[in-house]
Amino acid sequence: MDAGEALLLLLLIPAGAAVAIMLVPQRYPTAIRLIALAAGTAMLANAIYVFAVYDYVDGGFQFDLQYVWIENVGFLKENGISLHLGVDGIAAPLVLLNGIVAFAGVLISWKIDYRNKDFFVLFMLLVTGVFGVYISQDLFFWFFFYELAVLPMYLLILVWGSTNKEYGAMKLTMVLVGASVLVFVGIFAVFVESGTGTFDLPVLRAVEFDTGFAQTFFPFFMIGCGVLAGLWPFHTWSPDGHVAAPTAVSMLHAGVLMKLGAFGIIRLGIEVLPEGTDLWMPVLLVLGTIAAIYGAFSALHQTDLKFVIGYSSVSHMGFVLMGLGTMNTIGVNGAVLQMFSHGVMTALFFAMVGALYDQAHTRDITQFGGIIRKMPFFVIFFGLAGLASLGLPGLSGFVAEFHVFVGTIDAFPLFAAIGVLSAAITAVYILRLLGRAALGPFNTRWEGLHDLTRWEWAGGMALVIPIVAMGVWPDPFVDRIASAVLELPGVEQIGGRLADLPVIRG
Amino acid sequence: MFWIDHAWILPAIPACAFGLLALSGRFLPRQGDWLSILAIGSAFVLFFFVLESHLDSINAGLGGIATTGFDWLTVGDFTLRIGFTVDSLAIVMLGVVTLVSLMVNVYSTQYLRHHGKPEPRYWWYFGVLSLFAAAMLALVLADNLLFLYMAWEGVGICSFLLIGFYYERPSAVEAAKKAFVTTRLGDVGLLIGIILFWRATGTFQISEIIEAAQAGRLNDQAQIIGDGYLTMATLLIFLGAMGKSAQVPFHVWLPDAMEGPTPVSALIHAATMVVAGVYLVARLLPLFAVAPGALDVVLAVGLITALLAGVIALTQTDIKRVLAYSTISQLGFMFVALGAGAVGVAMFHLLTHAAFKATLFLGSGSVIHMTEEQDAQRLGGLWWRMPVTATTFIISSLALAGIAPLSGFFSKDEIFAAVARSESDVVLILLGVAAFLSAMYMARLVIITFFGAPKDLAVIRRAREAPATMLVPVIILTLFTLFLGFFALDQVGDAFGFPGGINNFVYFPEPEDFAFSATVAAATGLVSLLGIFAAYWLFWGRNARRAVALRRLQPAMAAVLENKFYFDEAYQWTIDKAILPFGALIAWFDRMIVNDTGVNGPADATRYSAFWLRYHVTGRLPDYALLMIVGIAAAGALGFLLRVG
Amino acid sequence: MSATEVVFYIIATFMILSALGTVLVGNIVYAAIAFALALSAVAAIYLILTVEFLALVQLLIYAGAVVILILFALMLTRARERPQALFGRTRSLGTIAAAGLLAALIGAVVSTDWVEQIPRDDIEPVPFSGIGDAIFTVWIVPFIIIGIILSVALDGAIMLATPEEEE
Amino acid sequence: MDLEYELIIPELVLAGLGTLVVALALTFRAVRQEVWGYVSAAGLLLLLILTAVFYINENDDFANVLAVDNYTVLFRVFFLGIAFFTIIASIQFAGDRLKNHGEFYGLIMFATLGMILLASARELITAYLALELMSFSLYILVGFNKLNPFSNEGSLKYMLLGAFSSALFLFGLSMLYGVTGTTTYSGIEPDGVEAGRNIAQQLGNFGAQVVDSTLPLPADVRPGLIVGLVLIVAGIGFKVSAVPFHQWTPDAYQGAPLPITAFLSAGGKAAAFAFFLRLFSEGLLPAADEWAWMVAIMAALSMIVGNVMALRQVNLKRLLAYSSIAQGGYLLIGIVALNADSLRESQDAATALVFHLVGYVATNIVAFAAIIAFYNRTGRDDIPDLRGLAERQPYLALILSMGLFSLAGMPLFAGFATKFIIFQVAVNNGFLWLGAMGVTASFVSLYYYLMVIKQMYLYQPEGDDVARFRIPLPMMGALTVLMAAVLLVGLYPAPLFNAIDHATAMLFQGF
Amino acid sequence: MPPLEHVLVFNAILFAIGVMGVLTRRNAVLILMSVELMLNAVSLNMVAFAVYGRVEFGNFTGIVFALFIIVIAAAEVALALGIVVRTFRTRATANVDEVNLLKW
C-alpha cells in the first residue's frame, strides 16, 4: 500500500492553497478564509488518512515516493538529489499533529482581517514546510523544507504579531537560521564522508560512519536541531517568539515547529550518525533535564500568560529531549509521544490565550479574575490543556511523560526524579494561573467579555479531542511510534526484565 | 463467580454517569442528580453480588483473588496494563466506597439546595461525585501500580474540583490548589517509587513485584532488589500515601479542604479518598515488611500524626476543622496499626472510621446547612432544636472516642492489642495519649456544639431538624456505627457468612484472629472515659473558665497549639521565601545572562563591528589604492613564505 | 662590458631619475616635462633592445599625443592657477607600501631563472617587417577589438567632455 | 590564413548593432529617444534567441584566440540576456533622467561584447583587450549621468582605480609571459609555431620537472610565477571586487545610474568570473598550489567584510554593492575548489561556480529591476524610503522581498539551490572551513535583507507621496519573467545544471 | 646587451615609482601619469622577455602585446581626461581626495 501520492498531496494542498489565495484579490476576505478552511480540512483529512493507513505491523518507511531532482551530474550520483517522500512510525503521528494544528490554526485565525490574504499565504507556506520536513527522505529537501518552515515566520510575526514583535521576530529568525547553519555544515560533512554521492537518506542511513567522524559531527545535528527544540541554553528565542507571534502562528510554532528540532535529532542524528550517540546523548539528556526544571521555575515567575506558556513549552520540550537522551525504546517512545501531546496541548493553550487577548488586550494574569463566569468554555479548554500539561492521567500528557520518566530512570534515576519534580512544579504554576485568572471573585472590569466564538470553539474542540483520545487510548499512537523506535539504531530495548528473573517465572 | 471476574463494571457505571452528566447534565430533569444516585446505587447493589461471589470463591478454596484486565499499550516487551483484581482487601474498600458515596449522594440532593432550589452548578457537582466514585473504585480494584497511580491522580483531581466547588470564594480556590499541590508533592515520591520498582523488577503488577521483592529477600541468591534500594523505593511510595492520607507533614491541606461542601468532606476527606493512603500501604504491606525499617517509619509517622492532630483538634473551634483534625489523627491510628504489621486491624479501623466519621460530617453538615454557621463558638444548645442530628452525632462521637460497645471501641482496641503485641510500651503509652486526646476533643466538640446555653440567638432561631433526605443517610450510617464493631466477633462473622469475623476475612497476608484481651480493653475504655471527663472538666458550661485559665497559664503553649504548630506558616515561608524567589532568580538569569548577554551580545557585537568597519571605506581614492598595494605586498610576502622560502 | 651596456645603464638611470621627478616634483608642469623625458628614455631603451618599431610608436603616441593631452588636461583643470599641495595624506604610507612592493618585485626578479635559451650576446635584432604580418594574421582579433576600444573611448571622451547647456 | 567568421557571427552582429544604434541616434536626433531603447532591446532579444537556437555544440576556436565552445555559447546567451533585461529596465529611467540614449544603449552593447569576448578568449592579449573594452564602456556608463556629481565621482574613482589595477594585472601577465614564454592558455596553438608552447603545459612541466629534471627547463621559476600570480589575482580580484580590492565597488555602484548599477553588478562581475574561471582552469590549473591559497584568503575576506559592512548601510545601492562583494566571496570559493589533481572535482567546482553565478545574477537583476521601478516613481533609493511599499505596490514589494530572500539563500528561490551546491562542492574538494564560513556569512547576510523587508511590510507609507502606483507593462513583464526564472532555478534547476556541466567540461580538454 | 635581470630590475623600479606616484599624488592628472609610468614598465617587461627569450617570428607575442598596451594606454588617457574634466565641471577640483561624497 504505497500510495505515496498521499504524501505528495500533503505538500501540494497547502502550496496550492497558497497560490490560490495569492490569486484572490484582497477585496474578498471571506473567499480567502473559505479557501484556507477548505485547504485546512483537506490537509486534516489527508493527515488522518496517512496516520490511519500506516501499517505498523510492517513498520519501516511507507508511502514511498521518489522524483529525481538532479542526478548523475558532477559529484551527484544515482538519485543524487531527489524529492523522496516517506513516512515511518515516528513521522506518522507528527504528520497527523501538523494536520490538526494547521486546521485549528485556520479556524482560530478566522477573525484576522488586516491583510488576511498575505497572512494565509504565509501560513500555508509554513505548513508546507513543516509537512515537508516530516516526510522528506532526502537530506537536501529535508533542509529545504526545514528552512522553508522558518522563513515565513519572520513576516508572520512582524506584521501580525503583538508584543515587542520586531525584536521577537528578528531574534527568532536569526537564532533558528543560525542554528540551521550547524545542520547545514553537518549535512555537507555527512555527504562527503559517506562518499555515496547522494543525499538520499535511506542510503546514508545504511552507511557505516567512522566513529570519530560521527562523534565530531553529531553535535552539529544535535545542537543545530536542538535549538529549534528549545534546547537549553539556546531557548530564549522561543518565549519571546511566542509572545510576539499572532495566535495561529504561536500555535503552529510551539505546537509543530519546535517538534521539527527533536524530529531532526532523530532523523539526522540518531538515524544517520548512530555511532555518535553514545558520546552525546547523555549530554542531551542533561540539557533536557535542565530545560525541564529551568523552564518550570521560570514559568513560576511570569505574569504574562504567553510567557508562562512559552516557558512551559521549554520545560516540556525538555522532557522530549530527556526522552531522546535516554536512548532506550521507552524513553524515545515517550519523547515522540510527548512531541505529539505537547504539540496539541500547547496549541490549545495558545489558541485560548489568543481568544482571550483579542477581547481583553492584555495577558497579565493579575489583571483577570473569575472570568469563568463570562467565558466558561475558555476556562474548560484552558483547564484541560493545563491538566494535560501537568500530566494528569487520562489526558495525553501523562502517557508521554510517564514513558519519559520510565525511560530515564532506567539509566539515570536522579534525572528522572528531577523530571517528575518539574512536572509537580508545572502543577503549581498551572493551578496558580487558573486560580488567579479563571477562578476566584469575578473582576467586574471584564463585564464585556464574551465566550469563544464558534470558530474558536471549533478550533479548540479539534485540539481537545486528540488530547483526550491519546490519554484514554494511546495504543494507536504507541503502536506506530514503537514500530519505528524499535528499529532505531543504537536504541537499547528495555522492559520485561522479569524474563531473566528465575524467581518470578518459576 | 461472574461478578468477581467482572468487577470492572463497578467503576464503569459511574464513569458513564459522569460522561452523561458532564455533557447533558444541565438539561436533564433535576439536573440529573438521580443519574448519579442511580449509578452509585447500582454499584452499591453490585457490590453485594461481588461480595457474594467472592465468598463463594473463598469457600470453593480458590483463595478469593481474581484478576482481569487488558493491555493498554505495548512498546516492544514493555507493556502497560489496565488490570483489576478482587480480593478481600478490595472488597472491604468497595463496600465502604459504594455505601458512603450512595449516602452522600442522597444527602447532597438536599444539602445542595438553598431554600429548595438547587445551587448553581448542581449538575456539575453530581457529575464530579460520580467521577470520583468511578476513580475511587478503580483505585481500589487496580491490580498494578501504574493503573493505581492513574486512579490515584483521578481522585486527586476530583477532590480538587469539589473543594473548589465554590470557586467564587478565593479561600476555596486556595484550598483546592493547596490540596492538589500538597498531595501532588507526595505523588512525586509515589511515581518515582513505582518506577523504581519497575526498574528493579520490570513489572508494575503488584503481585509480581511483591513476589520479586520477597524472593530477593528470602533466597539470598543475587538479590533482585538490594535492601537500601528496596527501602528507598518503599518509602517513596509511602510518601505518596502520606500525601493522600494527610500525614504529618503533609497534613496541612486537609483542614483547608473543609472549604468544600460538607457532604464532600464526608465522602472524600473522611471516608474514602484520604484512606487511599492506608489502603495503598495495606496493599503493599509485604513490601514494607521485607524492606528493613520501612514499617518503623510508617509507625512513627502514624504515631506523630495521631498525637499532633489530636492536640491541634483540641484547639480548633470550627466544627469541620475539628473533625478534619480528628480524621488526620484517626488516619494516624491506622498507620500505627499498619506499622505494627496488622493489616486487618487497620482495615477494620478504616471501616469503622468511615462509618462514624461520615456520620459526624453529615451531622455537622446538617447543623451547618440549617444554622448557616459552622463556628462552634457561636453554636451551642442545639440538641433540643435538632435532636436526631444531635443523637447521631453524639453516638458517633462516642464511637470515635472508643466507648464500648460502639464500633470504634472494637477497632481501636484491636489496634492497641496489635501494638501491644509487637511494639514497645513507649509506643503503647503514646498511642494511649492519642486515644485520650481523641476522646477529649470529640467530647469538647459535642459539648460546645450541642450543650450549654446557645451563644447566638439568631443562629439558634434558625436551627431546625434536618429534612428526611438528609436524616435518612445519617441514620443509616449511624446504624453501621452502632453495629459494625460486632462483626469483629467470630460468631457474628459466622452468622453473616464470613467465618472468623472481619479481621479474619481481611486476611492478607495471613489471617489475624480477633485477639480480645480484657486488660487492653479495660485500659482503652478507661483512657477514653478519662478523656471525656477531662473535656467535661474543662469545657462543660461554667467549667470553661478552667480552659481560659489554662490558656492564661501557658500563653506561649496555647499560641503554638492554636496556630497548629505553625505548619502552614512554615510552608508559606518556604514558598514565599524560597521557591518563588528561586523562580524569580531563574527568570532574571534567563533574561539577563542567557538572553541579553548570550543571545543579544553577539548580535550587538557584530553590529558594532560593522559600525567601526565602515570607516575603512574613506571615499578617498589614494586610500583605496593603498589598500590594494598593501594587500598585494602582503600576498607576495606570504607567497614567498608559503611556497618558496 | 660592451658599449651598449654602458649606454643602457646610463639611459636606464636617467629614466628612473626622470620618473622619480614625475612623481616627486612639486610643480605640475615640471612633473609633466619629467614625464615626457621618462617616456623618451623608455623609447631609447626600446632601441637598445633592438625593437625600433616600438621605439617609434612610443615616441609618436606617448611622447607626442599623450603628453599633449595631459598638458591640455592640466590647463583645463586650471591646475596652475591654484597652486596647492600635490601630495595626499597617504604620502608616507604610500611610499612605504611602494617600497615594499619594489622589494617583492626585485626579490622575485633576481631569484628567478628566466627563460633564456640563447646566450644574450648573439641575440639578432627583431625584424621590423615581421611585426606587421603578425598583427594582421595571428593577432587579427585583438586588432579588431582595439579598433572598437578606440572608438568607444573616443566617443565616451567626447560625450563626457562636451559641456551641457545647463552649465 | 583563412578565418571562419561564421563562428563569431553573434559578436559581429552585436558590434554592428551597437555601432548602428549609436550612429542612428546621432543622426536622427528628432526621434523620441525611447525608440533606441526598444530597437536595441529587440535586436538583443533576436540575437539572444538565434544564439540559443543555433547552439553550437562543438569545441572549436576562431583564429586560435577565441574559443567557440559550449562555455562560450552559454555565456553568450547569458550576457545577451543580461543586456536585454538591463535595457528593458532602463528605458523609462533613461527617458526620465539621461541624455544621449544612443550612446547609452550602444555602450551597453559594447560592454556586452567585451564580456562575451572575455568569456571566450583563450589567449591573454585578447582577454586583456576584451577586459578593457568592457571596462571602458562601463567607466563611461557609470559616469553617464553627466550633471550628477555622484555619478562623476563614481566614474572617476572607478576609472582611475581600474587603470591602476589593469596596470598591476598587466605586470602580472608580463611575469607570467616571462615564465612561460607564451600567452596562450592551453590546447590549440597559433599557426606557424611548433606545438607544445602554452601556459598550462609549461606550468605542468614545471610541476613535472620536480620529478624529472632532464627537461630543458629553468631550475626555479617559482618566485617570478608567484609574483605574477599575485598581481594577476589582484587585477581580476579588482574586477570581481574581492576584498581587499573592493573599495571602489560601493562608490561606483552608488554613483552609477541605477540600471548601470544593475548591469555592473550582474554583467561586470559575471564576465570577470567567466574570465577568471577560464584562465585559471584552462591555463593556470597546473599551478593551483601557487594561487589557491590567495584566492581562498580573498574569498574568506570578501564574505566577512562584505556582509559585515552591509549591516549598517542606509542606501539600497550601497547595501547591494556590499552584498555583491559578499556574493563574490561565495563565487570565489568555486575558484578555490579547482583542484589540479582531479579534473572531475575541478569540473564540479567550475559547474558550481557558474551555477551560482547564474542564480545570483538572475536574482540580482530582479532586485535591481524592482528598485528601478520604485526609483522611477519616487526618485529615492534609501532603505527607509521603502516604507509601506507593501501598501503602495504589493506586487513590487513581493518581488523585491523574494529577490532579497533569494540573495540570502532561502529556499524556494535560486539562492538556496545554488549556494547549497557551491558550498557542497567546496566541502567535497576539502575546504570544509570555507563552506562553513560561507554558510555562516550568508546567515549574517539574512539580517540586513530582513531589515529591508521589514521596512516594506511593517511600516505604513510616510512622507508626501503615499499613493499606490502602477508599474509600466514592459517592466512588469520583465520582473515577472525574471522572478519566474529565479523560482525555476530554485525549484527545478536540473536542466540548467546539466547545460552548465556540459559547458564547463570544455575547460578541461587541454589536459 | 645587458643581462636580462638588470633590465627587469630597472623595469621593476620604474613600476614601483609609478605605484608610488599613484599612492602619493592627489591630483587626478598626476595619478594618471603615474599609471602611464607603470604601463611603460609593463611594456618594457614584455619586450625584454620577448627579446631575451626566443622571439617567435611570425608570432612576436611580447612585442605585439607591448604595442597594444601603448595604444590602450593612449585611449585610456583620453577617456580618463574626459572624465577628469567632467568631474572638474561639477566639483571644481581635480584633487581625488576632495572628491569623497561617496564613502562608507
Side-chain angles (χ1 to χ4, degrees), chain C residues 4-5 8 12 15-16 19-20 22-23 31 35 38 42 45-46 49 51 54 57-58 61 65-66 69-70 73-74 76-77 79 86-88 90-91 94-95 97-98 101-102 105-106 109-110 114-117 120-121 123 126 130-131 134-135 138-139 142 146 149-150 153 156-157 160-161 167, chain E residues 1-5 8-10 12-21 23-27 29-30 32-34 36-37 40 44 47-49 51-55 57-60 63-64 66-68 70-79 81-86 88-89 94-95 97:
Chain C
T4 43
E5 299 192 15
F8 169 78
M15 175 181 79
I16 300 301
L20 276 174
T22 316
V23 299
F35 179 59
V42 172
I45 291 181
Y46 284 138
L49 294 179
V51 196
L54 271 185
V57 174
Q58 171 83 3
I61 297 184
V66 170
L69 267 173
I70 284 184
L74 290 180
L76 280 174
T77 58
L86 295 176
F87 294 100
T90 56
R91 182 172 190 175
T95 321
L101 183 68
L102 180 60
L105 291 182
I106 291 180
V109 164
V110 293
W114 298 103
V115 277
E116 196 170 359
Q117 277 86 352
R120 66 170 194 273
D121 291 332
I123 292 176
V126 178
I131 300 178
I135 291 175
V138 180
W139 305 108
I146 217 163
I149 292 183
L150 285 175
L160 289 174
E167 319 186 296
Chain E
M1 278 262 184
L4 178 58
E5 280 75 9
L8 296 180
V9 167
F10 279 111
I13 297 170
L14 183 58
F15 187 78
I17 291 172
V19 171
M20 180 177 122
L23 297 189
T24 54
R25 292 293 200 180
R26 62 197 292 242
N27 181 305
V29 183
L30 289 174
L32 206 58
M33 287 196 242
S34 317
E36 297 305 318
L37 287 181
N40 275 284
L44 269 178
V47 174
F49 284 128
V51 172
Y52 280 80
R54 180 193 31 179
V55 176
F57 296 108
N59 186 350
F60 293 100
I63 294 164
V64 173
L67 184 59
F68 285 146
I70 294 172
V71 179
I72 291 289
E76 206 164 51
V77 172
L79 184 50
L81 295 183
I83 293 177
V84 170
V85 171
R86 165 62 28 208
F88 187 78
R89 285 243 173 74
N95 289 348
D97 54 4

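Note on naming: letters A, B, ... go to the chains in the order of the sequence lines (proteins, then strands), and numbering restarts at 1 for each one.
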Tell me the closest heavy-atom pair linking [X] and [Y], and the distance in Å.
X         : Y        : value
Glu36(E)  : Ala73(E) : OE1-CB, 3.3 Å
Gly130(C) : Phe60(E) : C-CE1, 3.4 Å
Ala31(C)  : Arg25(E) : CB-NH2, 4.2 Å
Glu5(C)   : Pro2(E)  : CG-N, 3.7 Å

Can you say whether [X] sits under 4.5 Å from chain E via the side chain, the backbone, both, or neither, judging by heavy atoms?
X         : result
Leu69(C)  : both
Ile131(C) : both
Ile149(C) : side chain
Thr4(C)   : side chain
Val51(C)  : side chain
Ile61(C)  : side chain
Ile135(C) : side chain
Ala12(C)  : both

Leading residue by heavy atom contact count with chain C [cutoff under 4.5 Å; candidates [options]]:
options                                : answer
Ile83(E), Leu67(E), Asn40(E), Leu8(E)  : Asn40(E)
Val9(E), Val64(E), Val77(E), Val19(E)  : Val64(E)
Leu79(E), Val84(E), Val47(E), Ile72(E) : Val47(E)
Leu44(E), Val85(E), Leu30(E), Asp97(E) : Leu44(E)

- Query: Below 4.5 Å, heavy atoms only, C-beta onward: do Phe88(E) and Leu76(C) meet side chain to side chain?
  - Reply: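 No; the side chains remain at least 4.5 Å from each other.
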- Quick one: does Val23(C)'s side chain get under 4.5 Å of Leu37(E)'s, heavy atoms only?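 Val23(C) reaches Leu37(E) side chain to side chain.
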- Any idea which of Ile106(C), Ile45(C), Ile70(C), Thr95(C) has the most non-hydrogen atom pairs under 4.5 angstrom with chain E?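 Option with the top pair count is Ile70(C).
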- For each of Val66(C), Leu150(C), Val57(C), Leu54(C), tally heavy-atom pairs with chain E at distances under 4.5 Å, and name the one with the top tally.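 Of the options given, most contacts go to Leu54(C).
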Between [X] and [Y] (side chain of the first, backbone of the second, donor and acceptor by atom type, cut-off under 3.5 Å), is there such a pair?
X        : Y         : value
Arg86(E) : Leu160(C) : yes
Thr24(E) : Phe87(C)  : no
Arg26(E) : Thr90(C)  : no

